[in-house]
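Step one of this worksheet: look at the structure below.
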Number of protein chains: 2
Amino acid sequence: MPKRQARGEQRMAEILDAAGRVFAASGYEKATTNAIAAEAGVSPGSLYQFFANKDAIAAALAGRFVTQMREAHEAALLGADPSTLDWPELIDRTVDPILAFNVANPGFKALFARPDMPAGLAAAAEPIQAALLGRVESVIAAKAPSLPADDRTRTARVAIQIFQAMLPMVLASPPGERPAVMAELKKVLYRYLSAPSP
Amino acid sequence: MPKRQARGEQRMAEILDAAGRVFAASGYEKATTNAIAAEAGVSPGSLYQFFANKDAIAAALAGRFVTQMREAHEAALLGADPSTLDWPELIDRTVDPILAFNVANPGFKALFARPDMPAGLAAAAEPIQAALLGRVESVIAAKAPSLPADDRTRTARVAIQIFQAMLPMVLASPPGERPAVMAELKKVLYRYLSAPSP
DNA sequence: AGAAGATACGAGCTTTTACTCGTGTTTTGC
DNA sequence: GCAAAACACGAGTAAAAGCTCGTATCTTCT
């Protein structure tokens, strides 16, 4: 790994932008590295000067997504104490930014919302999963402090799974119906999370 | 398409069996037609005597799955009037056979439980989706006859989506923990479906 | 029995795709 | 100013995978 110049950092960012677009259009598997290079306006050789292989591109893109998502979520909870908010508000403040983030970054779900991950991708996506899990767990902990850690983790995992499942439905819905589908997603989460524990 | 002899029908069944195993092990994309042929103990040439291409194999396998699943579901509801059953029982009788089917046929989820379908696969999987949607809709209709058709369809779709999302979690869980994960899945569905409509 | 057609084989063709490498240009450090 | 290093190019390589084709055997039907 050579020392990067400003020009190089910029190229890397351009390549990741392009990768996001190509992943969004074709999915990870069908996205070709040459297509990403072309989309970035760069030769294949240059692409491989910055990224060792296709998985490395996915990993770098995932890393960037993690950062951006954390910032969005922190902004949404800014100045509010989770334990004083009720469930609908808490769900709004957690779901809305992630949803908005997905609408703004269509490439995200190609790395995130898939039950079966190829080996390379799984490693790249793991930080996203871990980051999200931590955030949801902290929200649940705020509302139900007495819940054992095991149950909390399981509940968070299930909630994330539900969210992942419905993401494609939300993104595939025509803009006019989107609010209704989003409401349905929140309804599922609310009914699952707000019900009394077993 | 030539007229099949008994030998040919048997070979086709063997190839589909093999395809199920290979899809289960590698997923649809990474499964190679040569690997399927080898698993079936057949040459690549023979494979293409029965199936025009890889998508056709998936389509045939999907067709077989639809039939088997319908039979399993009908058996589970045998002699019971859905409208007289309560939600937990109804969920049990719908979810259990599909879950058992998935455990017995690991290749099924490679064709079914994926939010992003390649073009060819989407066509092959569509009958499965349609069949399942119809079954779930009829169950919902039995319990909530007054629900408008639109809402019923949307609710059924969401329920199926939830099920698909949690399927990998269930199948990935160690056999010891599987009952707990299954219970969690049913809990989500119960809370979603049994709550008063908006 | 004999012809026609179905089944079977597997080497190899074609296309695709991740990735390389030789060469040339721009930037940096001294 | 000059060498070293980073950046850039794009034709080319090697491997993988879907699929074909010539040939040979087995079944069926008359």
Side-chain angles (χ1 to χ4, degrees), chain A residues 1-23 25-61 110-111 117-124, chain B residues 1-23 25-61 110-111 117-124:
Chain A
M1 236 191 327
K3 194 163 155 280
R4 300 277 170 228
Q5 323 182 321
R7 184 172 40 145
E9 301 278 1
Q10 205 162 343
R11 273 270 180 273
M12 289 179 75
E14 286 167 11
I15 291 169
L16 290 186
D17 290 343
R21 289 192 294 273
V22 176
F23 287 159
S26 332
Y28 176 76
E29 328 260 3
K30 290 198 148 181
T32 74
T33 55
N34 282 21
I36 294 172
E39 173 77 24
V42 150
S43 75
S46 292
L47 188 152
Y48 281 94
Q49 201 140 37
F50 298 108
F51 301 98
N53 51 46
K54 198 178 167 183
D55 285 351
I57 299 174
L61 190 58
L111 298 185
M117 289 267 190
L121 240 191
Chain B
M1 236 196 317
K3 196 163 154 278
R4 301 278 169 226
Q5 319 182 331
R7 186 173 39 145
E9 301 277 1
Q10 205 163 343
R11 272 270 180 273
M12 289 179 74
E14 287 168 11
I15 291 170
L16 291 185
D17 290 342
R21 289 193 294 272
V22 175
F23 287 158
S26 331
Y28 176 77
E29 328 260 1
K30 289 198 148 182
T32 74
T33 54
N34 283 20
I36 294 171
E39 173 78 23
V42 150
S43 75
S46 291
L47 188 151
Y48 280 94
Q49 200 138 37
F50 298 107
F51 300 99
N53 51 44
K54 197 179 168 182
D55 284 352
I57 299 174
L61 190 57
L111 298 184
M117 289 267 190
L121 241 190

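Letters A, B, ... mirror the listed sequences (proteins, then strands); counts begin at 1.
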Distance check: side-chain N/O of A:R7 vs OP1/OP2 of C:dT26, anything under 4.0 Å? no
Please give, in whole Å, the distance from C:dT17 P to A:I57 CD1? 15 Å
Among the nucleotides D:dT28, C:dA18, C:dA8, whichever has the atom closest to the side chain of A:T33 is C:dA18
Winner on side-chain proximity to B:N53, out of D:dG10, D:dC19, C:dT7, is D:dC19
Out of D:dA8, C:dC19, C:dA11, whichever nucleotide has its closest atom nearest the side chain of B:P44: C:dA11
Between C:dT17, C:dT7, D:dA8, spot the one nearest the side chain of A:T32, thanks. C:dT17
Just verifying a value: how many Å separate A:K54 NZ and A:E29 CD, rounded to the nearest 0.5 Å? 7.0 Å
Give the rounded distance in Å between these two atoms: NZ of B:K30 and C1' of C:dT17. 14 Å
Side chain of A:K54, heavy atoms from C-beta onward: which of D:dT27, C:dA18, C:dA8 has the nearest atom to it? C:dA18
Measure the distance from CD on A:Q5 to P on D:dC7 and round it to the nearest whole Å. 5 Å
Measure from CD1 on B:I36 to P on D:dG18 and round the result to the nearest Å. 8 Å
Contact nearer the 5' end of DNA chain C, comparing B:V42 with B:K3: B:K3
A:F50 CZ to D:dA8 C1': how many Å, rounded? 8 Å
Phosphate OP1/OP2 of D:dC19 contacted by B:Y48 side-chain N/O (<4.0 Å): yes
Can you name the closest pair of heavy atoms from A:A56 and A:F51 and give their distance? O-CD2, 4.1 Å
Under 4.0 Å, heavy atoms only, any strand: does A:G8 hit a base, just the sugar-phosphate, or nothing? sugar-phosphate
Interatomic spacing from CD in B:E39 to CG in B:N34 - rounded to 0.5 Å: 13.5 Å
Could you tell me whether the phosphate oxygens of D:dC7, OP1 or OP2, come under 4.0 Å of any side-chain nitrogen or oxygen in A:S46? no
Between D:dG18 atom P and B:L47 atom CG, what is the distance in whole Å? 10 Å
Nearest of D:dA6, C:dA8, D:dG18 to any side-chain atom of B:N34? D:dG18
Residue whose nearest DNA chain C nucleotide is more 5′ - A:A6 or A:A31: A:A31
Between atom CD1 of B:I15 and atom CD1 of B:I57, what is the distance when rounded to the nearest 0.5 Å? 7.0 Å
Quick one: CG on B:L47 to CE on B:M12, what's the gap to the nearest 0.5 Å? 10.0 Å
In this structure, how many angstroms lie between the P atom of D:dC7 and the CD atom of A:E14, rounded? 13 Å
From CD1 of A:I15 over to C1' of D:dC7, roughly how many Å is that when rounded to an integer? 11 Å
